[in-house]
2 protein chains.
Amino acid sequence: MFASLGRSNSLAKFVVPQARVTISEYSYGRGAEIFGENEPADYVYEVAAGAVRSYKLLSDGRRQIGAFHLVGDVFGLENAVVHRFTAEAIVNTKVHLVRRESLELIAQEDVVVVRDLLNMTTNNLQHAEDHMLLLGRKTALERVAAFLLEMDRRLTKAGFFALPMSRRDIADYLGLTIETVSRELHHLHDRGILGFLSSNQRQIVLLDRDRLAELDL
Amino acid sequence: MFASLGRSNSLAKFVVPQARVTISEYSYGRGAEIFGENEPADYVYEVAAGAVRSYKLLSDGRRQIGAFHLVGDVFGLENAVVHRFTAEAIVNTKVHLVRRESLELIAQEDVVVVRDLLNMTTNNLQHAEDHMLLLGRKTALERVAAFLLEMDRRLTKAGFFALPMSRRDIADYLGLTIETVSRELHHLHDRGILGFLSSNQRQIVLLDRDRLAELDL
DNA sequence: CGGGGGCTTGAGGCCACTCAACGATAGTGG
DNA sequence: CCACTATCGTTGAGTGGCCTCAAGCCCCCG
């Protein structure tokens with residue numbers, strides 16, 4: 001089964017006996033560019049600590065964030081010569097990286113490795129497909145609700161989570177403006193579905209998943 | 001190079017010596033469902049004649065078409081147990097199909113076949129990524145212009161092309177309403193960028209690609 | 001303490017949507 | 001062959017959801 005493989009999309013799995021794949025480490029400061037759209041895709045990355053945004057720009061500056069990469073996520077895996085997104089560190093971020101070239105060398109003979117690449121790409125595709133539905137057909141409230149549920153699923157550790165990204169990032173991910181995101185968040189807050197912690201409202205606690213799920217049509 | 005393989009995404013390439021892969025043929029009438037979302041993905045398809053739409057639905061009927069599949073396109077390749085879209089014939093359509101199971105059998109030992117699957121999935125991912133930018137950040141006029149350029153690229157044979165899909169399909173692909181699509185098309189027509197043929201305006205001729213490309217930011 | 005960036009909140013505007021009417025086309029049955 | 005009908009597409013009028021513009025607050029950080 002293609003899809004029955006584990007979901008541990010770690011670079012470590014590519015360290016197989018027959019080849020020497022070196023995993024390097026690197027750190028990026030808040031806002032630093034990791035790679036740019038259309039630049040040569042020489043490396044494949046994994047978030048070791050922090051968070052990363054991948055986006056495309058239009059000529060007049062409009063931005064669409066295609067995905068957020070959190071701890072454990074692999075990104076920059078384009079299966080192509082150039083990157084199709086720009087990737088930036090959202091906060092101070094540490095990544096592991098391997099040369100794409102060495103991955104390809106293994107991939108030429110090892111079916112399992114190619115299968116892993118296929119699985120990762122399929123997961124990315126599935127996320128993009130769901131996001132097309134969100135961007136094309138959901139209301140502002142539904143988008144924000146879906147975003148919160150996604151983040152809840154991906155980074156909740158103890159019943160609450162802190163969003164690493166700014167309102168601008170959220171807006172550019174959801175195809176909205178920062179004002180609309182702010183209004184919808186506070187709308188949910190007023191309805192008691194969402195609780196903020198600390199006056200700095202990047203911290204969120206006590207998210208009522210069930211009531212929120214009703215809004216994510 | 002992963003991406004240096006040819007773009008001939010035909011099912012025929014999977015008919016390799018060591019395995020018996022049977023390619024069947026089937027026809028669907030206009031509007032017929034080929035497979036449904038969340039149904040078992042038992043087959044992989046290729047459009048032999050006609051056109052197909054793949055879409056997701058929200059509970060209240062809002063629809064987002066993720067892709068149109070034209071002659072030569074492979075679709076239903078989910079690398080998963082179930083389909084993530086519903087697929088319907090837009091017009092009378094003939095497809096070739098192979099059992100997913102037999103593809104997987106080959107894929108277990110043949111690196112080249114898995115590589116082909118990876119390439120197809122990567123192409124789908126790239127299309128989805130571009131479409132996210134369109135749905136999240138482009139204006140109605142830009143969306144329609146991008147749609148026309150895509151169709152021009154994919155189905156122009158002799159300087160003109162006929163759209164197989166309805167205004168509703170186009171609208172649900174672009175995240176717009178049928179009225180807006182109609183208005184923007186006529187807007188382009190009035191500006192001389194687009195010419196219709198025959199009173200039935202599903203036929204389009206003489207598309208000024210250069211002037212249209214300026215609108216596709 | 002002063003400056004700046006991020007977030008919120010309000011007022012007003014606009015782009016795309018909704019609602020509606022009508023025309024054109026294709027398919028159906030007499 | 002021609003009504004009859006359903007569907008699709010166009011077009012206009014009006015609405016509304018989200019955007020734009022702007023002001024002010026809060027927090028961080030020098």
Side-chain angles (χ1 to χ4, degrees), chain A residues 29-31 51 53 58 60-64 88 90-92 134-147 162-190 194 196-204 215 217, chain B residues 29-31 53 58 60-64 88 90-92 134-148 162-190 194 196-204 215 217:
Chain A
R30 174 189 171 89
R53 58 179 169 252
L58 291 176
D60 61 356
R62 281 173 288 173
R63 185 178 70 155
Q64 179 62 47
E88 285 175 357
I90 296 176
V91 293
N92 291 340
L134 180 149
L135 293 171
R137 286 304 181 211
K138 290 191 179 179
T139 66
L141 182 57
E142 289 165 357
R143 295 180 200 208
V144 171
F147 168 76
L163 295 175
M165 68 288 287
S166 68
R167 294 288 186 271
R168 168 131 303 288
D169 287 339
I170 299 173
D172 286 346
Y173 180 59
L174 299 179
L176 300 170
T177 60
I178 53 175
E179 294 93 334
T180 298
V181 169
S182 180
R183 278 185 252 268
E184 297 301 345
L185 280 175
H186 283 262
H187 183 209
L188 291 172
H189 178 257
D190 293 343
L194 191 64
F196 293 114
L197 182 59
S198 99
S199 50
N200 173 4
Q201 300 188 329
R202 289 267 270 276
Q203 323 281 341
I204 294 184
L215 300 176
L217 302 176
Chain B
R30 174 190 172 89
R53 57 178 170 253
L58 291 176
D60 61 357
R62 281 174 288 173
R63 186 178 69 156
Q64 179 62 47
E88 286 175 356
I90 295 175
V91 293
N92 291 339
L134 179 149
L135 293 171
R137 287 304 181 210
K138 289 191 180 179
T139 66
L141 182 58
E142 288 165 356
R143 294 179 200 210
V144 171
F147 168 76
L148 289 172
L163 295 175
M165 68 289 285
S166 68
R167 293 289 187 270
R168 168 131 304 286
D169 287 338
I170 299 173
D172 286 347
Y173 179 59
L174 298 179
L176 300 170
T177 59
I178 54 175
E179 294 93 334
T180 299
V181 169
S182 181
R183 278 185 251 269
E184 297 301 346
L185 280 175
H186 283 261
H187 182 208
L188 291 172
H189 179 257
D190 293 344
L194 191 65
F196 294 114
L197 182 60
S198 100
S199 50
N200 173 2
Q201 300 188 331
R202 289 266 270 274
Q203 323 282 340
I204 294 184
L215 300 176
L217 302 177

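To find a chain, count down the sequence lines: A is the first, B the second, and so on, and within it residues start at 1.
- One N or O on the side chain of A:Asn92 and one on the backbone of A:Arg30 form a donor-acceptor pair closer than 3.5 Å.
- For the pair B:Arg62 (side chain) and A:Gly136 (backbone), a donor-acceptor distance under 3.5 Å is absent.
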Could you go over nucleotides 10-14 of chain C and give all protein N or O partners under 3.5 Å, atom names and distances?
| unit_1 | atom_1 | unit_2 | atom_2 | d |
| --- | --- | --- | --- | --- |
| C:dG10 | N7 | A:Arg183 | NH1 | 2.9 |
| C:dG10 | O6 | A:Arg183 | NH2 | 3.4 |

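- The nucleotide whose nearest atom lies closest to any side-chain atom of A:Glu184 is, among C:dT8, C:dA16, D:dC18, D:dC18.
- Note on ring orientation: taking the six-membered ring where Trp is involved, the planes of B:Tyr173 and B:Phe147 are perpendicular (angle over 60°, cut-offs 30° and 60°).
- Put simply, B:Thr180 has a side-chain N or O that comes within less than 4.0 Å of OP1 or OP2 on C:dC17.
- Taking atom CZ of residue B:Arg62 and atom P of nucleotide C:dC17, one finds them 13 Å apart after rounding to whole Å.
- A:Arg137 places a side-chain N or O within 3.5 Å of a backbone atom of B:Arg63 that can act as its donor or acceptor partner.
- The side chain of B:Thr177 contributes an N or O atom lying less than 4.0 Å from OP1 or OP2 of C:dC17.
- Within the 3.5 Å criterion, the main-chain N or O of B:Val181 finds no donor-acceptor partner in the side chain of B:Glu184.
- Within the nucleic acid shown, A:Gly175 comes within 4.0 Å of sugar-phosphate atoms alone, with no base atom in reach, counting heavy atoms only.
- Looking only at distances, no side-chain donor or acceptor of A:Arg167 sits under 3.5 Å from a matching main-chain atom of A:Ile178.
- Atoms CZ (A:Phe196) and C1' (D:dC26) sit 14 Å apart, rounded to a whole Å.
- Rounded to whole Å, the distance from NZ on B:Lys138 to P on C:dA16 is 14 Å.
- D:dT10 atom C1' lies 16 Å from atom CG of B:Leu188, rounded to whole Å.
- Both A:Leu185 and B:Thr139 lie close to DNA chain C; mapped to their nearest nucleotides by heavy-atom distance, the more 5′-ward contact belongs to A:Leu185.
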